[in-house]
Amino acid sequence: MSRRHRLSRSRDFDAVYRRGRSFSTRFLVLYAFPREDDREGGPRLGLAVSRKLGGAVERNRLKRRLRAVFEELREGLPAGHDYVLVARPGLAEAVESRGFPWLTERVADVFRLSAGTGS
RNA sequence: CGUGCAGGCCGGGUGACCGCGGGCCGCGCGAGCGGCUCGAGGAAAGUCCGGACACCGCAGGGCAGGACGCUGGGGAAACCCCAGGCGGCGAAAGCCGACGGAAAGUGGCACAGAAAGGAGACCGCCACCGGCGAAACUUCAUCUCCGGAGACGCCGGCGGUAAGGGUGAAAAGGUGGGGUAAGAGCCCACCAGCGUCGUGGUGACACGGCGGCUGCCAAACCCCGUCCGGUGCAAGGCGAACAGGCUCCGCUCGUAGGCUGCCCGCCGAGGAGCCGGGUGCGCCGCUCGAGCCUCCGGGCGACCGGAGGCCCAGAUGGAUGGUCACCUCCGACAGAAUCCGGCUUACAGGCCUGCUACGGAAA
RNA sequence: GCCGACGUAGCUCAGCUGGUAGAGCACUUCACUCGUAAUGAAGGGGUCCCCGGUUCGAGUCCGGGCGUCGGCU
């Protein structure tokens with residue numbers, strides 16, 4: 001997942017949080033926001049994994065897996081959108097016990113929610 | 001071989017496909033593409049010590065404050081390491097120890113207890129003096145009666161003592177003997193501690209002789225010795241962006257203010273507050289360093305010296321992942337953010353070397 | 001990443017120079033009331049965050065660990 005598909009600036013995060021819509025499930029919260037200046041570029045993702053989720057190793061591993069999932073799903077997402085995916089407590093343990101395909105499904109769920117409302 | 005102890009090391013590997021960050025080279029005006037190569041740890045952690053480095057205009061002196069504390073050595077330094085001493089634990093190998101000074105001063109030792117440290121004593125014990133005492137006892141005088149003195153007991157006085165006394169964490173060196181009216185390092189032997197002299201050792205200290213007489217607490221204040229300016233890469237530098245108004249203090253009397261707390265000393269023309277506006281970005285610092293590996297030499301060792309070789313993460317929303325296969329069952333703690341040296345804490349499993357005692361086996 | 005503060009009863013906090021832990025609210029019981037509240041009286045409740053060390057003795061002093069909350073771009 002290259003840099004052009006990530007959110008890289010604090011102001012981008014602020015914009016998504018403040019002006020985007022949010023969708024939540026048991027383990028994930030997704031903020032979605034359509035960019036105004038660039039409607040043709042690919043979707044971009046930012047991640048938020050707080051220290052409540054665990055230590056640095058655990059949080060890094062979780063972020064890698066979420067990026068891998070995003071990479072799989074990216075083709076099916078609408079262009080010109082910025083997303084911030086927030087992990088909720090318990091997600092890391094759930095992934096450890098239920099495996100990567102389960103995580104892929106959960107992320108797909110929350111993205112379907114955002115697509116369903118149409119933005 | 002098993003248990004125990006010490007030291008050192010590893011802490012997933014191989015292959016396939018799809019991906020990520022840095023550097024170099026090539027192509028392209030450019031976004032980028034292709035190739036090669038490198039890409040987390042022994043603790044990267046906690047941020048507990050010590051530095052390097054940077055800024056605070058120059059860091060100057062003193063006080064205050066803080067840190068450390070057996071000896072010698074190593075090291076840039078250290079709440080670090082090595083060797084040794086002393087003390088404690090263990091059957092041993094070995095392990096642990098903030099381990100200067102209580103004979104400089106101040107202070108504390110609750111409750112209990114007579115007393116918690118320079119007071120000398122509440123009870124008790126003992127000598128002497130005085131008074132009282134029915135009988136018995138000893139002795140003097142006596143023919144006998146009567147009587148005197150002693151001993152003993154009680155009371156009072158003046159002294160001597162610290163052996164003993166419910167207590168307490170701790171009781172004025174300990175144990176035994178002599179000695180005495182009763183006692184006491186008063187004297188003696190041994191032991192513990194202190195001082196001093198001698199010998200050995202660089203030294204801590206050890207051993208021996210002599211001497212006097214002895215509580216504990218400095219992780220209580222403190223004394224002595226050594227060391228320390230503060231802040232921290234969110235330090236700091238360059239660029240980009242914004243650069244308006246009001247109020248108060250002061251203007252060269254070195255005053256306002258600054259140089260971490262105070263004083264001296266120095267600098268000294270701007271300083272403080274409120275509202276508004278901008279930034280919330282790019283580049284540098286940023287990784288070659290008290291560096292790593294091998295060999296040789298010195299040293300018990302920490303370590304030092306020399307030669308040769310190597311380049312070993314530099315991200316900036318933050319890079320190692322996903323899917324598989326095999327290795328009989330693959331697994332602990334855990335992720336660089338300026339960089340080093342240490343300490344401490346966490347850690348499945350496994351390997352190597354040496355040592356000790358006990359058990360077993362073989363020769 | 002760097003720097004700092006705190007942890008004591010169910011809650012909010014005291015506890016100075018080490019001597020055996022308290023206050024307010026809350027809780028329980030009783031009294032007062034027809035009943036409740038308020039008030040009054042009595043009472044219960046603590047690994048002083050954890051592990052070591054110094055000391056005769058540690059909530060207090062000294063190390064180490066854990067947790068919580070702040071500040072700095």
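What you see is a predicted model, and the numbers here were worked out from it, not measured in a lab. Letters go in sequence order (proteins before strands), and every chain restarts at 1.
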Strand partner of [N], provided both Watson-Crick or wobble distances fall under 3.5 Å:
N: B:rA307; result: B:rU294
N: B:rC111; result: none
N: B:rC210; result: B:rG195
N: C:rA5; result: C:rU68
N: B:rG28; result: none
N: B:rA6; result: B:rU353
N: B:rA104; result: none
N: B:rG232; result: B:rC53

Between [M] and [N], how far apart are the [atom1] atoms? Round to whole Å, please.
N: C:rG52; M: B:rU345; atom1: P; value: 14 Å
N: B:rA290; M: B:rC351; atom1: C1'; value: 33 Å
N: B:rC303; M: B:rG342; atom1: C1'; value: 16 Å
N: B:rG301; M: B:rG72; atom1: C1'; value: 13 Å
N: B:rG289; M: B:rG11; atom1: P; value: 28 Å
N: B:rA162; M: B:rA172; atom1: P; value: 13 Å
N: B:rG177; M: B:rA114; atom1: P; value: 30 Å
N: B:rG165; M: B:rA121; atom1: C1'; value: 13 Å

Syn or anti: how is [N] classified when any glycosidic angle within 90° of 0 counts as syn?
N: B:rC312; result: syn
N: B:rG273; result: anti
N: B:rU144; result: anti
N: B:rG42; result: syn
N: B:rA40; result: syn

For A:Phe111, all residues meeting side-chain contact (heavy atoms from CB on, under 4.5 Å), sequence neighbours excluded: A:Leu30, A:Phe70, A:Leu73, A:Leu77, A:Tyr83, A:Val107, A:Ser114
message: If the condition is side-chain contact (heavy atoms from CB on, under 4.5 Å), which residues does A:Arg26 pass it with, not counting sequence neighbours?
response: none
- prompt: Who pairs with A:Arg106 by side chain to side chain donor-acceptor pair (under 3.5 Å), at least two apart in sequence or on another chain?
  reply: A:Asp109
What are the atom names and distances for every N/O pair under 3.5 Å that joins the protein to nucleotides 31-33 of chain B?
none

query: Going through the distances and angles, do A:Leu85 and A:Val29 end up as a side-chain contact (heavy atoms from CB on, under 4.5 Å)?
result: CA-CA 6 Å; A:Leu85 195 56; A:Val29 178; over 6 Å; no
- request: Step by step, work out the side-chain contact (heavy atoms from CB on, under 4.5 Å) result for A:Val49 and A:Asn60.
  value: CA-CA 9 Å; A:Val49 181; A:Asn60 274 342; over 6 Å; no
query: Can you name the salt bridge (charged side-chain N to carboxylate O under 4.0 Å, His left out) partners of A:Arg59, sequence neighbours left out?
result: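 Once residues adjacent in sequence are excluded, A:Arg59 has no partner under the salt bridge (charged side-chain N to carboxylate O under 4.0 Å, His left out) criterion.
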Compile the donor-acceptor pairs under 3.5 Å between side chains in residues 87-104 of chain A and protein atoms, sequence neighbours left out, one pair per line.
from	atom 1	to	atom 2	distance (Å)
A:Arg88	NH1	A:Thr25	O	2.8
A:Glu96	OE2	A:Arg65	NH1	3.0
A:Ser97	OG	A:Glu93	O	3.3
A:Ser97	OG	A:Ala94	O	3.2
A:Thr104	OG1	A:Phe100	O	3.1

- request: Could you tell me the separation between the OG atom of A:Ser22 and the CZ atom of A:Phe33, rounded to the nearest 0.5 Å?
  value: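 Nearest 0.5 Å value for the OG-CZ distance: 14.0 Å.
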field: Side-chain touch A:His5/A:Arg74, heavy atoms, less than 4.5 angstrom
entry: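 Yes, at least one pair of side-chain atoms sits under 4.5 Å.
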Between the protein and nucleotides 277-279 of chain B, which nitrogen or oxygen pairs are less than 3.5 angstrom apart?
none

message: Treating primed atoms plus P, OP1 and OP2 as sugar-phosphate and everything else as base, which nucleotides of nucleotides 315-324 of chain B get B, S or - for protein heavy atoms under 4.0 Å?
response: SSBSSSSSS-
Same apolar cluster (I L V M F W Y, side chains within < 4.5 Å links), [X]/[Y]:
X: A:Val16; Y: A:Val110; answer: no
X: A:Leu113; Y: A:Leu47; answer: yes
X: A:Leu66; Y: A:Leu7; answer: no

Rounded distance (Å) that lies between atom P of B:rG19 and atom CD of A:Glu75: 11 Å
- prompt: Whole-Å distance between B:rA45 C1' and A:Arg59 CZ?
  reply: 13 Å
- prompt: Which pairs, with at least one residue in residues 47-58 of chain A and sequence neighbours excluded, count as a side chain to side chain donor-acceptor pair (under 3.5 Å)?
  reply: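 Applying side chain to side chain donor-acceptor pair (under 3.5 Å) to every pair that reaches into residues 47-58 of chain A, excluding sequence neighbours, yields nothing.
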